[in-house]
Amino acid sequence: MLARQTQHKALQWLGRQLFNREDPAAFFDPLLEQLNPMWVQQYTPAQIKQVINETADTKTLVLKPAKQWAGFYAGQHVNICTEIDGVRYDRTFSLSSSPALWRNQGLITLTIKRLPGGLVTNWIHDHLDTDAVIGLGEAFGEFRLPEIPRPVLFIAGGSGITPILSMLETMAADDYRAPVTLLYYVRTSRDIIAQEKLEALASRYSALTLNVIATHDTDKPRFLKEQDLQSVPGLKAREVYMCGPGGLMDLAESQLEAQGLKAEHIHKTFFAAPGVALDSDSVGGIVQFTGSELEVSSEGDANILEIAEAAGLSPRHGCRMGICHQCSCRKTSGTVVNRLTGKTSGPGEENIQLCVSVPQGPVSVDI
Ligand code: FES
């Protein structure tokens, strides 16, 4: 009887602890307490368990997200959130591990290259170490493997290998039974990311053909050639996945189309914002931030996210390159040009992505 009363009291106490907290999950998860409480709704805490040096300028972070994180599909991205000198920064990276590692061991990896002048990537390289906690958003993105196995060609350039590593690990684990070829372009043979992992994959996964091409190992640069594609057996029947610098992807896409591949079988993802050159005389204008009662004049091809930040506002955002949709907000009037496509919007009310929308004349947005 006494034991039952004690148990009842313990449950009452537990209930009070939970219901008196804004976020009951925090009671069970000490990691949550290490994350800025302002971020908790949008981000899951993830602790760095290991840092692996891949090349001179690329590291892999092995992270353990708190249990409520929802997981991902191979090829998807996540936003991470961190604080540098008291300022919050969000950035988007591809997951480089397979979903099986998350399911079986609760771990994920992000493989991050230092970018020249990149505030956040450089800070990650110089300051983040084992035990540090960062904020992790939910995974997103449509760069995903076909549901029914088809022959696949991957084309990766530099750190564009990261989502493809995740896909290859997944295919090997699932014994994806169709030919798979990876053409991986790196600057020199010292720049191969996850070289051991790739070699191990190629030796244990017989469907995979691996072709690593160094573009600058000799005095004469060697870029993607027609023969690289022609050497892929059954090229026309392949589903193609590309991730890398815009120049490589544009070249690959035009050559693939010339070889008869249809656009719907070519899938691309970016690690830097692509974009069309805008005539800076035809863009810019007065942007009215109606929710903040602020009016700002802009010139040139600054996007509305940049204009808002320069005016001291902090709109929600993630990737800053038009993929995560976290910066979507309501335009109430005016015309914007989409920096990715060069297309001009209508003049009326609609949702826009701030990070790729450049005002063309006066614009009002609900921020
Ligand atoms: S910040 Fe990701 S789409 Fe704009």
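Keep in mind that this is a model prediction, so the values were computed, not measured. Counting starts at 1 for both ligands and their atoms, in listed order.
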J.: Considering only heavy atoms of Cys355, which atoms of ligand 1 have at least one such atom less than 4.0 Å away?
T.: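 Answer, ordered by atom number: 1 (S), 3 (S), 4 (Fe).
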J.: Cys327 heavy atoms, cut-off 4.0 Å: which ligand 1 atoms fall inside?
T.: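 Listed by number with element: 1 (S), 3 (S), 4 (Fe).
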J.: Would you say His317 has an N, O or S atom lying under 2.8 Å from atom 4 (Fe) of ligand 1?
T.: no
J.: In this structure, which one of Phe140, Phe143, Phe93 forms a ring-ring contact (aromatic ring centres under 6.0 Å, His included) with His77?
T.: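 Among Phe140, Phe143, Phe93, the one that satisfies the ring-ring contact (aromatic ring centres under 6.0 Å, His included) with His77 is Phe140.
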J.: With atoms numbered from 1 as shown, which atoms in ligand 1 lie under 4.0 angstrom from a non-hydrogen atom of Gln353?
T.: 3 (S)
J.: Do the ring centers of Phe223 and His216 come within less than 6.0 Å of each other?
T.: yes
J.: For Gly322, take its heavy atoms, then give the atoms of ligand 1 lying under 4.0 Å from any of them.
T.: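 Listed by number with element: 3 (S).
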J.: If you count the non-hydrogen atoms of other residues, nucleotides and ligands that lie under 6.0 Å from CZ in Arg222, is the total more than 12?
T.: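 It does: Arg222 CZ has more than 12 such atoms within range.
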J.: Would a hydrophobic clustering, with Ile, Leu, Val, Met, Phe, Trp and Tyr connected at side-chain separations under 4.5 Å, put Ile112 with Trp102?
T.: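 Yes, it is one cluster - the side chains of Ile112 and Trp102 are joined through contacts under 4.5 Å.
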J.: Do you know the tightest heavy-atom contact between Ser96 and Thr111?
T.: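 Shortest heavy-atom separation between Ser96 and Thr111 comes out as OG-OG1, 2.7 Å.
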J.: Taking 2.8 Å as the cut-off, does an N/O/S atom of His325 lie below it from atom 4 (Fe) of ligand 1?
T.: no
